[in-house]
Amino acid sequence: NKGKYEHYMQKEIHEQPESLTTTMRGRLIRGGSCKAKSVLLGGLKDHLRTIRRSRRIVFIGCGTSYNAALAARPILEELSGIPVTMEIASDLVDRQGPIYREDTIVFVSQSGETADTLQALEYALENGALCVGITNTVGSAIARHTHCGVHINAGCEIGVASTKAYTSQIVVMAILALAIGDDTISSQARREAIIDGLFDLPNKVKEVLKLDEEMKDLAQLLIAEQSLLVFGRGYNYATALEGALKVKEVSLMHSEGILAGEMKHGPLALVDETLPIVVIATRDACFSKQQSVIQQLHARKGRLIVMCSKGDAASVTVGGSCRVVEVPQVEDCLQPVINIVPLQLLAYHLTVLRGYNVDQPRNLAKSVTTQ
Ligand code: UD1
Ligand code: BG6
């Protein structure tokens with residue numbers, strides 16, 4: 001039931017304040033006068049000691065689920081101190097890459113039925129690793145075959161392009177990072193800031209959804225383009241990949257997410273006065289580096305659309321004029337949840353304006369159960 005919406009993708013984008021609330025329900029503990037704020041993941045509590053002792057954590061997924069894990073990787077590394085590596089499911093299987101008993105492998109899959117991810121799971125089980133699932137589907141193959149895990153509880157997702165599951169996956173993995181990380185005195189302020197940020201996140205998502213009309217205008221401007229680049233780094237490298245994936249999946253426009261740190265190693269050759277480029281430059285430790293990326297793109301007459309934190313427009317337009325999209329600022333590790341929303345809206349409006357099928361893009365399936 002699409003309710004007041006025209007498409008499932010549109011509905012699922014707009015229901016993210018609610019889906020995130022459901023994802024977090026019962027999992028955040030407010031703390032009291034003498035009790036610290038904390039988190040609870042019922043499905044993992046008996047396995048946390050094993051996970052903390054593991055030699056490394058490996059995230060495995062495909063498509064949007066891989067991107068969600070990439071978005072959560074920095075905070076998991078920071079809070080756990082354990083090396084975290086990333087694997088695209090099919091690539092791990094193709095290489096038969098080394099997996100050890102001392103590894104914790106986290107399988108991220110909205111459907112819980114993706115063939116490549118399941119094959120990687122089978123392989124990791126054979127190699128004796130602890131296998132953790134993060135899925136939206138109770139009773140799915142991933143949920144059944146992993147040793148333990150977390151249901152993201154985002155509610156049924158129907159649009160082939162994943163939107164609300166992506167933001168819920170990131171939130172679950174941020175909670176996972178808090179659950180694995182030690183509650184030391186030195187990390188307390190950071191942990192509390194993240195937990196406060198999680199409590200407030202649905203409100204902030206409501207706020208960013210107000211950019212709907214602005215994104216429709218931007219889509220109108222980009223309607224006839226051949227290609228769109230999206231530059232991000234740090235916490236928002238994943239946002240660049242996921243934003244570009246949304247645009248290419250549904251609007252059928254070529255789009256590429258680029259790690260801004262790699263700009264000079266190839267992508268800069270593409271920059272001219274015609275190719276539109278989205279640069280994600282919200283406030284975090286990488287902000288000044290992104291300012292310098294913007295200046296260098298300006299110097300080559302790049303056609304820029306800059307996403308920045310509210311009130312920062314003047315700090316990101318130095319050196320030239322460009323279109324600016326201002327988003328609410330949240331704790332740095334949660335910013336990917338906010339920043340993807342305008343790009344989801346852009347992909348949606350581009351698709352409608354270009355006249356393509358939003359909920360079932362050509363050649364794609366919601367759940368890829370064959371190889
Ligand atoms: C569980 C209940 C929830 C209830 C809550 C009350 C289920 C599905 N969930 O939620 O309805 O409100 O207790 O405390 O009954 N698991 C895997 N692999 C996965 C995902 C999950 O093995 O990929 C396992 C978990 O380890 C856990 C079980 O499935 O044993 C349920 O996981 P989850 O729903 O996340 O647990 P709770 O949040 O505790
Ligand atoms: C398919 C879907 O390619 O599978 C994508 O079209 C999705 O939206 C990908 O991200 C992975 O699916 P899942 O269910 O394993 O998260």
Side-chain angles (χ1 to χ4, degrees), residues 8-9 12-13 22-29 39-48 50-51 59-71 87-91 104-121 124-125 130-173 175-176 179 238 241-250 252 257 340 344 347 357-371:
Y8 283 108
M9 182 185 181
E12 287 158 3
I13 292 172
T22 320
T23 295
M24 293 188 278
R25 185 162 296 140
R27 290 170 169 171
L28 302 182
I29 297 154
V39 297
L40 173 73
L41 291 173
L44 291 188
K45 60 180 189 318
D46 299 334
H47 298 83
L48 285 176
T50 317
I51 300 175
F59 273 131
I60 299 187
C62 305
T64 291
S65 293
Y66 175 91
N67 292 342
L70 188 66
E87 292 283 357
I88 298 215
S90 65
D91 189 44
T104 292
I105 319 285
V106 182
F107 296 87
V108 188
S109 171
Q110 188 284 131
S111 63
E113 303 290 350
T114 301
D116 289 327
T117 311
L118 275 170
Q119 214 188 343
L121 170 57
L125 287 169
L130 177 70
C131 295
V132 179
I134 295 183
T135 178
N136 197 25
T137 318
V138 178
S140 61
I142 299 271
R144 283 182 285 114
H145 296 143
T146 43
H147 296 116
C148 57
V150 189
H151 291 114
I152 66 168
N153 301 334
C156 186
E157 190 180 64
I158 292 168
V160 166
S162 180
T163 52
K164 65 173 181 171
Y166 178 71
T167 48
S168 283
Q169 285 167 334
I170 298 176
V171 159
V172 158
M173 288 184 268
I175 298 176
L176 174 75
L241 295 189
E242 176 61 10
L245 178 59
K246 284 301 84 120
V247 169
K248 91 178 87 167
E249 272 183 315
V250 287
L252 315 188
I340 194 59
Q344 293 172 340
N357 189 329
V358 176
D359 289 328
Q360 280 171 313
R362 70 174 183 210
N363 308 338
L364 298 182
K366 180 72 184 157
S367 176
V368 182
T369 53
T370 53
Q371 281 170 323

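Heavy atoms only: backbone and side chains are in, while hydrogens, waters and symmetry mates are out. Whatever order the structure lists them in is the order used to number ligands and atoms, beginning at 1. In what follows, residues are counted from 1 in the order of the sequence shown.
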* **E249 heavy atom under 4.0 Å from ligand 2** => yes
* Structure fact -> Closest to atom 3 (O) of ligand 2 among protein heavy atoms sits V368 CG2, 3.9 Å
* To do: Any atoms of ligand 2 less than 4.0 Å from a non-hydrogen atom of T64? List them with their elements.
  => 10 (O)
* **V106 and its side-chain contact (heavy atoms from CB on, under 4.5 Å) partner, picked from L130, I134, T146, I60** => I134
* To do: List every atom of ligand 1 that sits less than 4.0 Å from any heavy atom of G42, numbering the atoms from 1 in the order shown and giving each element.
  => 39 (O)
* Asked: Which is closest to atom 38 (O) of ligand 1 by heavy-atom distance: H145, R27, H47, H147?
  -> R27
* Structure fact -> Ranking A115, G112, S111 by closest non-hydrogen atom to atom 14 (O) of ligand 2, top hit is S111
* **Protein heavy atom under 4.0 Å of atom 31 (C) of ligand 1** => yes
* Structure fact -> Among non-hydrogen protein atoms, atom 12 (O) of ligand 2 lies closest to T114 OG1, 3.4 Å
* Asked: Would a 4.0 Å cut-off, counted as strictly less than, catch a protein heavy atom around atom 9 (N) of ligand 1?
  -> no
* Non-hydrogen protein atom less than 4.0 angstrom from atom 5 (C) of ligand 1 -> no
* Check whether any side-chain N or O of E12 sits under 3.5 Å from a backbone N or O of S162 as a donor-acceptor pair, and report yes or no. => no
* Nearest protein heavy atom to atom 2 (C) of ligand 1: under 4.0 Å? -> no
* Starting from atom 11 (C) of ligand 2, which protein heavy atom do you reach first, and at what distance in Å? -> C62 O, 3.5 Å
* **Nearest neighbour in protein (non-hydrogen) for atom 27 (C) of ligand 1** => G43 CA, 3.5 Å
* Mind checking the CG-CZ spacing from L125 to F107? Nearest 0.5 Å is all I need. => 6.5 Å
* **Subset of ligand 2 atoms that lie under 4.0 Å from at least one heavy atom of S109** => 13 (P), 14 (O), 15 (O), 16 (O)
* Asked: Does the K366 side chain pair with the main chain of I158, one donor and one acceptor, at a distance under 3.5 Å?
  -> no
* For ligand 2, find out whether one of its N or O atoms is nearer than 3.5 Å to an N or O atom of A365. => yes
* Asked: For atom 16 (O) of ligand 2, which protein heavy atom lies nearest, and how many Å away is it?
  -> S65 OG, 2.5 Å
* **Under-4.0 Å protein heavy-atom contact, atom 12 (O) of ligand 1** => no
* Check for a donor-acceptor pair, side chain of Q344 on one end and backbone N or O of K246 on the other, with a separation under 3.5 Å. => no
* Asked: When S168 is tested against each of N136, T23, N153 for side-chain hydrogen bond (donor to acceptor under 3.5 Å, both in side chains), which residue passes?
  -> T23
* Consider ligand 2: state whether an atom of it lies below 4.0 angstrom from any non-hydrogen atom of V160. => yes
* Structure fact -> Output for pair (I152 CD1, Q169 CD), nearest 0.5 Å, gives 5.0 Å
* Less than 4.0 Å between atom 25 (C) of ligand 1 and some protein heavy atom, yes or no? -> yes
* Name the closest protein heavy atom to atom 16 (N) of ligand 1, giving the residue it belongs to and the distance to 0.1 Å. => G149 N, 3.5 Å
* **Distance filter under 4.0 Å to C148 heavy atoms, resulting ligand 1 atoms** => 16 (N), 17 (C), 18 (N), 22 (O), 26 (O)
* How long is the span from the CD atom in E157 to the OG1 atom in T163, to the nearest 0.5 Å? -> 5.0 Å
* Consider only side-chain N and O atoms of E242 and T64, and report whether a donor and an acceptor are under 3.5 Å apart. => yes
* Got a donor-acceptor contact below 3.5 angstrom from the D359 side chain to the Y8 backbone? -> yes
* Using a strict 4.0 Å cut-off to heavy atoms of T135, name the atoms of ligand 1 that fall inside it. => 23 (O)
* Asked: What residue and heavy atom of the protein are closest to atom 35 (O) of ligand 1, and at what distance?
  -> H151 N, 2.9 Å
* Heavy-atom count around Q360 CD within 6.0 Å, excluding the residue itself: above 12? -> no
* Structure fact -> Distance col, row I51:CD1 vs L176:CG, nearest 0.5 angstrom, shows 6.5 Å
* Structure fact -> Heavy-atom nearest pair, T137 first then S111, reads OG1-O, 3.0 Å
* Closest non-hydrogen protein atom to atom 4 (O) of ligand 2, residue and atom name please, with distance? -> K366 O, 4.0 Å
* To do: Supply the atom-to-atom distance I175 CD1 to L41 CG, rounded to the nearest 0.5 angstrom.
  => 6.0 Å
* Asked: Are any non-hydrogen protein atoms located under 4.0 Å from atom 18 (N) of ligand 1?
  -> yes
* To do: Using the side chain to side chain contact (heavy atoms under 4.5 Å, CB included) rule, take V171 and M24 through it: C-alpha gap first, then chi angles, then the decisive distance, then the call.
  => CA-CA 8 Å; V171 159; M24 293 188 278; 3.6 Å; yes
* Judged by non-hydrogen atoms, does S367 sit under 4.0 Å from ligand 2? -> no
